[in-house]
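Step one of this worksheet: look at the structure below.
Order of the sequence lines sets the chain letters (A, B, ...), proteins ahead of strands, with each chain counted from 1. Small disclaimer: the values here were computed from a predicted structure and weren't measured.
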Amino acid sequence: MINETPRVRFAPSPTGYLHVGGLRTALYNYLFAKRNNGTFVLRIEDTDRNRFVEGAVENLIKALKWAGLDFDEGPETGGDFGPYMQSQRLDIYKKYADELIEKGKAYYCFCTPERLKALKEEQEKQKLPQAKYDKFCLHLTKKEVENKLASGTPKVVRLNVEENHTIKFDDIIREHVEFESNNVDDQVLIKSDGYPTYHLANVVDDHLMKITHVIRGEEWLSSTPKHVLLYDAFDWERPIFAHLPLLLNPDRSKLSKRQGDVAVEDYRDKGFLKDALVNFVALLGWNAGDDREFYYIDELIKSFSLERVNKAGAVFDLQKLNWLNAEHLRKKSNEDLVSLLKEEIKKSKFKDQDFSDNFLSLIIDAMKERVSFVKEFIDTCTYFYEVPFEYEQKSVEKNWKPETPEHLNKLKEEFVSLNNPTKEDFETALSKVSEELNVGKGKLIHPLRLSVSGQSTGPGMFDLLFILGKDEVVKRIEAAIKRIN
RNA sequence: GGCGCGUUCGUCUAGUGGCUUAGGACACCGCCCUCUCAAGGCGGGGAUCACGGGUUCGAAUCCCGUACGCGCUACCA
């Protein structure tokens, strides 16, 4: 097994969207596969007919691809071990369940839900340490079973867990784990509707698809003894297990919808860069052992190892995600940012206006260090796109003094005389006015900034003037003077 | 209740018996830079390493117990 190239899988159930916890699981599988020249498989675990969600699979695949996690085999893509939708593999599970019954490792159970419920209540009443099925149907005679089968009595198939032994297995992250078989229930393998449960389908598929490493969330650790029993019952080699720590809400419960966004698409729609989300989620439970925090996905591939995955759950901290998003944003080329910004403009109130790439690129240069999200290239500096409608009140009180109109007028006159001014020309012009008026530059700059942008904060004054252009600057100064008077 | 897993600054984490007066990052605060806001630089507060016992010359690191948290306990995954 050690010398085989690994085959791993991400096996979500199609609930309608990709959960960020799922993204992290998928990512670790992907990183592990790529790191070891292995294969990354996507398998859809849609064995619960009651939970069927229209379009869920398409959504899942879309989110995975958006994040850059391309799978080598899976629905749509295909592969040598398909089909990759469990609902299309029912006959396979049936065959293996029969094999188990043949071997005495599983058995038919005809107990009604009512009996099961009564049994459970009785066990609780007696304060039995653990409630589990009493193997009633295991003791049915062959004849009785045949009769019930022939009469079409509703049935399930149960795993026959032998009592009084210890089930042991190894886990890359948890090391050695043991369970007493007496604590393991005779799990249903095939439901009465003929569909398999997760446990059977998962084990059968992992074996048939030659999965070497099962990398999944910690919520599966408790059912791993059942899976181990199944591998042993079939006489199949067990895969290597790696149970990942959970992603947590701020209150340390399992990350859930109630306490914030959990869908990858929510984060995408909020403007998070895929590079940042992937980077962030990779660091939730793993690190290379050094201080590095900024990674692109191909760099993660080079550094990743399951051995360095933590045991304890990690709180999903939005503030750090925000910071990483800003970091990734700043590292992007203007070319990339221009096209991202254009997408945002299409969604904004400026969607009908035309802005040149060159103009947008100038805005990006001016604002790159001041924003965390692409959409802030619009929201925090609308004055680049439209004339300011109002002037920040606090700043008006502070910066617009009685002498301001005179100062602005002088600046305007100086600017008007400039011919196709550069940033430096604007600066020289302002210096000149500053000297002539014997007024500090700051005393001119703040009122000017407010006049031209309506705000008290923003990029460097002369960058701002240059980007707006002489004509626009002059117009805005005139409007501001009018406003003051 | 039972079983399992976990527990280092608010959060993500480094740390695998002496290099640790426990390091970094986010967040927070201050200073510098400066036309503002950022970015950047420098600095600060913040962790009796959950608690209690051992083992050892020496423990965040090994062992045991306790507490707490979380997960599982479905014909859900």
Side-chain angles (χ1 to χ4, degrees), chain A residues 11-15 45-48 50-51 86 109 111 113 116 120 123-124 127-132 154-158 171 173-174 177-180 182-185 187-199 201-202 216-225 243 245-246 248 250-254 280 283-294 310-324 326-327 330 366-372 380-381 395 399 427 430 440-450 453 455-462 464:
Chain A
S13 67
T15 53
E45 312 237 329
D46 56 344
T47 57
D48 187 355
N50 302 320
R51 288 221 270 175
Q86 292 187 326
C109 172
C111 290
L116 261 18
K120 197 172 180 181
Q123 286 173 335
E124 273 167 19
K127 292 212 187 328
L128 252 45
Q130 67 278 118
K132 46 176 213 171
K155 62 173 191 299
V156 300
V157 175
R158 283 184 185 275
D171 184 290
I173 296 160
R174 316 277 151 190
V177 186
E178 295 188 4
F179 287 82
E180 290 307 316
N182 292 3
N183 290 322
V184 180
D185 201 2
Q187 184 65 49
V188 169
L189 265 19
I190 302 274
K191 302 179 239 181
S192 57
D193 63 4
Y195 277 65
T197 56
Y198 171 90
H199 309 284
N202 189 265
R216 75 221 310 189
E218 194 193 335
E219 68 265 32
W220 293 109
L221 191 60
S222 296
S223 35
T224 303
H243 286 95
L246 261 20
L248 273 23
D251 71 356
R252 304 204 77 85
S253 57
K254 187 168 148 185
F280 174 65
L283 259 17
L284 250 28
W286 171 86
N287 71 84
D290 52 28
D291 289 339
R292 186 165 178 192
E293 304 211 83
F294 186 94
N310 293 138
K311 294 169 162 63
V315 173
F316 193 92
D317 176 23
L318 260 179
Q319 285 189 315
K320 193 141 189 178
L321 211 207
N322 287 334
W323 169 74
L324 260 179
E327 289 289 299
R330 280 177 211 125
M367 297 301 294
K368 215 172 185 175
E369 310 265 89
R370 290 163 237 267
V371 302
S372 299
T380 65
C381 51
S395 183
N399 293 307
E427 187 161 7
L430 185 131
K441 285 189 202 172
K443 289 262 186 299
L444 293 175
I445 285 173
H446 295 298
L448 211 211
R449 172 186 299 285
L450 180 62
S453 74
Q455 294 185 195
S456 60
T457 65
M461 187 71 251
F462 307 106
L464 178 53

Categorize [X] for me: base, sugar-phosphate, or nothing, with a 4.0 angstrom heavy-atom threshold over every strand shown.
{"X": "V177(A)", "result": "sugar-phosphate"}
{"X": "C381(A)", "result": "nothing"}
{"X": "V156(A)", "result": "base"}
{"X": "T15(A)", "result": "nothing"}
{"X": "E178(A)", "result": "sugar-phosphate"}
{"X": "G440(A)", "result": "nothing"}
{"X": "K120(A)", "result": "sugar-phosphate"}
{"X": "K311(A)", "result": "sugar-phosphate"}
{"X": "T457(A)", "result": "base"}
{"X": "P459(A)", "result": "base"}
{"X": "N310(A)", "result": "sugar-phosphate"}
{"X": "R51(A)", "result": "base"}
{"X": "K254(A)", "result": "sugar-phosphate"}

From [options], nucleotide with atom closest to [X] side chain:
{"X": "K191(A)", "options": "A27(B), A38(B), A77(B)", "answer": "A77(B)"}
{"X": "P113(A)", "options": "U11(B), C12(B), C75(B)", "answer": "C75(B)"}
{"X": "Y198(A)", "options": "G6(B), A38(B), A77(B)", "answer": "A77(B)"}
{"X": "E45(A)", "options": "A77(B), G6(B), A38(B)", "answer": "A77(B)"}
{"X": "F179(A)", "options": "A77(B), C26(B), G4(B)", "answer": "G4(B)"}

Tell me if a side-chain donor or acceptor on [X] pairs with a main-chain N or O of [Y] at a distance below 3.5 Å.
{"X": "R449(A)", "Y": "P459(A)", "value": "yes"}
{"X": "K191(A)", "Y": "T47(A)", "value": "yes"}
{"X": "S192(A)", "Y": "P154(A)", "value": "no"}
{"X": "D185(A)", "Y": "Q187(A)", "value": "no"}

Partner nucleotide of [N] by Watson-Crick or wobble geometry (both distances under 3.5 Å):
{"N": "G65(B)", "answer": "C51(B)"}
{"N": "C26(B)", "answer": "G10(B)"}
{"N": "G58(B)", "answer": "none"}
{"N": "G45(B)", "answer": "none"}
{"N": "C3(B)", "answer": "G71(B)"}
{"N": "A39(B)", "answer": "none"}
{"N": "C33(B)", "answer": "none"}

Whole-Å [atom1] distance, [N] and [M]:
{"N": "G69(B)", "M": "C32(B)", "atom1": "C1'", "value": "44 Å"}
{"N": "C3(B)", "M": "U16(B)", "atom1": "C1'", "value": "29 Å"}
{"N": "C9(B)", "M": "C49(B)", "atom1": "C1'", "value": "10 Å"}
{"N": "A50(B)", "M": "G6(B)", "atom1": "P", "value": "14 Å"}
{"N": "C26(B)", "M": "G41(B)", "atom1": "P", "value": "9 Å"}
{"N": "C75(B)", "M": "C12(B)", "atom1": "P", "value": "35 Å"}
{"N": "G46(B)", "M": "G24(B)", "atom1": "C1'", "value": "14 Å"}
{"N": "U20(B)", "M": "U8(B)", "atom1": "C1'", "value": "13 Å"}

[X] [atom1] - [N] [atom2] separation (whole Å):
{"X": "M461(A)", "N": "C35(B)", "atom1": "CE", "atom2": "C1'", "value": "9 Å"}
{"X": "D291(A)", "N": "A14(B)", "atom1": "CG", "atom2": "C1'", "value": "7 Å"}
{"X": "E427(A)", "N": "U36(B)", "atom1": "CD", "atom2": "P", "value": "13 Å"}
{"X": "D193(A)", "N": "A74(B)", "atom1": "CG", "atom2": "C1'", "value": "13 Å"}
{"X": "N202(A)", "N": "C76(B)", "atom1": "CG", "atom2": "P", "value": "15 Å"}
{"X": "L283(A)", "N": "U11(B)", "atom1": "CG", "atom2": "C1'", "value": "13 Å"}
{"X": "I445(A)", "N": "C35(B)", "atom1": "CD1", "atom2": "P", "value": "7 Å"}
{"X": "F280(A)", "N": "A25(B)", "atom1": "CZ", "atom2": "C1'", "value": "12 Å"}

Residue whose closest nucleotide on RNA chain B lies nearer the 5' end, V315(A) versus I173(A):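 It is I173(A) whose nearest nucleotide is closer to the 5' end.
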
Residue mapping more 5' on RNA chain B - nearest nucleotide basis, R252(A) or D48(A):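 The residue closer to the strand's 5' end, by nearest nucleotide, is R252(A).
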
Residues N399(A) and H446(A): side-chain donor-acceptor under 3.5 angstrom: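 No - no donor-acceptor pair under 3.5 Å links their side chains.
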
Is it the case that [N] (base atoms only) and [X] (side chain only) share a donor and an acceptor within less than 3.5 Å, ignoring hydrogens and angles?
{"X": "R449(A)", "N": "C35(B)", "result": "yes"}
{"X": "K320(A)", "N": "A27(B)", "result": "no"}
{"X": "R174(A)", "N": "C5(B)", "result": "no"}

Side-chain touch E293(A)/E327(A), heavy atoms, less than 4.5 angstrom: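 No, too far: nothing below the 4.5 Å cut-off.
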
Distance, nearest 0.5 Å, that separates CZ of F280(A) from CG of N322(A):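 Reported to 0.5 Å precision, the distance equals 9.0 Å.
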
Are [X] and [N] close enough that a side-chain N or O sits under 4.0 Å from OP1 or OP2?
{"X": "R292(A)", "N": "C12(B)", "result": "no"}
{"X": "T197(A)", "N": "C76(B)", "result": "no"}
{"X": "N287(A)", "N": "A14(B)", "result": "yes"}

Parallel, tilted or perpendicular: ring planes of Y198(A) versus W220(A), cut at 30 and 60 degrees: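 Parallel: the ring planes of Y198(A) and W220(A) meet at under 30°.
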
K368(A) atom NZ: more than 12 heavy-atom contacts under 6.0 Å: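 It does: K368(A) NZ has more than 12 such atoms within range.
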
Heavy-atom closest pair, residues E219(A) and L246(A):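 E219(A) and L246(A) have their closest heavy atoms at OE1-CD1, 3.2 Å.
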
